[in-house]
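Working notes, beginning with the structure itself.
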Amino acid sequence: MQSRSDVVDRETGKAGVRPARIDLTVESVSWMSQQGWLDEYQADCLGRIVSIGMYESSLRTSQLDFADPAVEAKGILELYHQRPLEIASREVPLADLAGISAELAADGVYGPIAFHTEGGVMQFVEGSHTDDAPTADFAGAIRHLLRPERLIVIDPLSTFACTGDQTARIFLPAS
């Protein structure tokens with residue numbers, strides 16, 4: 001389907017909704033990389049999102065400078081969705097991020113979301129976004145220190161929790 005195609009319901013002729021999920025797998029990401037369609041950074045980014053449900057992107061561009069988190073988030077989300085996107089953002093309390101992410105997943109938001117914060121801690125269960133994840137508890141969770149020079153990209157179906165008094169700016173495709 002072309003990125004500008006209109007999908008319509010067969011019976012009513014009304015515009016429909018785009019497909020719910022993109023079926024990226026570790027194997028498909030590897031194949032795209034072997035074909036030269038992805039550079040090393042892109043393959044690493046997509047591979048981590050698909051396999052573990054999270055990717056940490058450095059925003060540092062030099063000793064003193066940082067990239068704009070919104071620009072970096074847009075690039076990663078467009079890479080995942082394989083098309084241009086308008087990106088929405090909002091600020092939320094960091095401690096509420098996991099609940100908001102679960103709400104987004106329940107509302108049909110598919111694919112990763114990104115967030116940026118000045119600090120805090122995230123407990124993340126790698127692979128918990130997959131259908132074959134054993135449980136939704138925090139057994140084996142990995143502790144990540146959240147820093148201002150990092151953009152975090154997560155699958156909203158993942159099991160995670162954030163702590164800290166900071167706010168997080170979340171980025172997701174605009175509806």
Side-chain angles (χ1 to χ4, degrees), residues 3 21-22 24 26 28-30 32-33 36-105 107 109-130 138 140-175:
S3 64
R21 287 193 73 78
I22 294 173
L24 287 178
V26 172
S28 66
V29 170
S30 176
M32 288 187 288
S33 180
W37 295 357
L38 302 173
D39 62 28
E40 187 176 335
Y41 167 80
Q42 293 169 325
D44 182 52
C45 175
L46 284 179
R48 289 176 187 263
I49 293 169
V50 170
S51 63
I52 65 174
M54 184 188 90
Y55 180 71
E56 289 183 78
S57 180
S58 175
L59 298 173
R60 189 173 296 279
T61 58
S62 71
Q63 187 78 7
L64 301 173
D65 292 326
F66 298 98
D68 181 351
V71 172
E72 183 72 8
K74 180 176 173 55
I76 291 173
L77 297 177
E78 287 181 338
L79 173 65
Y80 182 89
H81 289 279
Q82 302 172 17
R83 62 185 169 92
L85 295 172
E86 293 296 322
I87 302 298
S89 72
R90 65 179 182 188
E91 291 195 8
V92 299
L94 181 62
D96 295 347
L97 187 59
I100 291 167
S101 181
E103 289 173 16
L104 291 170
D107 288 344
V109 172
Y110 68 94
I113 62 171
F115 74 93
H116 179 258
T117 186
E118 293 298 315
V121 175
M122 177 175 69
Q123 298 288 336
F124 187 88
V125 180
E126 292 185 350
S128 59
H129 66 297
T130 62
F138 283 88
I142 296 174
R143 183 176 187 257
H144 296 268
L145 294 177
L146 303 173
R147 301 187 184 277
E149 68 269 7
R150 300 301 232 173
L151 177 75
I152 308 297
V153 182
I154 55 174
D155 187 307
L157 298 175
S158 298
T159 300
F160 71 99
C162 296
T163 56
D165 295 334
Q166 296 79 5
T167 60
R169 186 171 170 206
I170 60 173
F171 305 94
L172 63 153
S175 51

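In this structure, CG in L38 is found 9.5 Å from OG in S30, a value given to the nearest 0.5 Å. Atom CD of E91 and atom CD of Q166 lie 12.0 Å apart (nearest 0.5 Å). Rounding to the nearest 0.5 angstrom, the gap separating the CZ atom in F171 from the NE2 atom in H116 is 7.5 Å. A distance of 9.5 Å separates OG in S128 from CD1 in I154, rounded to the nearest 0.5 Å. Between D44 atom CG and E40 atom CD the span is 7.5 Å, to the nearest 0.5 Å. Between the OH atom of Y41 and the CG atom of L79 there is a distance of 8.0 Å, given to the nearest 0.5 Å.
Taking the side chain as every heavy atom from C-beta outward, I170 and S89 never approach each other to under 4.5 Å. Proximity of F66 to T61: side-chain heavy atoms (C-beta onward) are nowhere separated by under 4.5 Å. Between Q82 and L24 there is a side-chain heavy-atom pair separated by less than 4.5 Å. In this structure, the side chains of P93 and T167 stay at 4.5 Å or more apart for every pair of heavy atoms. Residues F160 and V125 are not in side-chain contact: their nearest non-hydrogen atoms beyond the backbone lie 4.5 Å or more apart. Looking at heavy atoms from C-beta onward, I87 lies out of side-chain contact with L172 at the 4.5 angstrom threshold. Taking 4.5 Å as the limit, every side-chain heavy atom of I49 sits out of range of all side-chain heavy atoms of M54. For the pair V121/L145, a side-chain contact is recorded, criterion being any heavy-atom separation below 4.5 Å from C-beta on.
Of the possible donor and acceptor atoms, one in the side chain of E78 sits under 3.5 Å from a partner among the backbone N and O of L85.
The heavy-atom pair separating F115 from M122 by the smallest distance is CZ-SD, 4.0 Å. Nearest heavy atom pair, residue R60 against residue Q63, reads NH1-O, 3.0 Å. The two residues H129 and S158 come nearest to each other via the heavy atoms CB-OG, 3.4 Å. The nearest pair of heavy atoms linking L94 to G120 is CD2-CA, 3.9 Å. Here the closest heavy-atom approach between residue P173 and residue H81 is recorded as CG-NE2, 3.8 Å. The minimum heavy-atom distance between L77 and P112, with the atom names listed, is CD2-O, 3.2 Å.
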- Taking it one step at a time, do S57 and R150 satisfy side chain to side chain contact (heavy atoms under 4.5 Å, CB included)? CA-CA 6 Å; S57 180; R150 300 301 232 173; over 6 Å; no
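Among the candidates V92, L146, L97, the single residue satisfying the side-chain contact (heavy atoms from CB on, under 4.5 Å) test with T117 is L146.
Taking the six-membered ring where tryptophan is involved, the planes of F124 and H144 are perpendicular, since the angle between them exceeds 60° and thus also 30°.
The local environment of CG in D65 is crowded, with over 12 non-hydrogen atoms from other residues, nucleotides or ligands closer than 6.0 Å.
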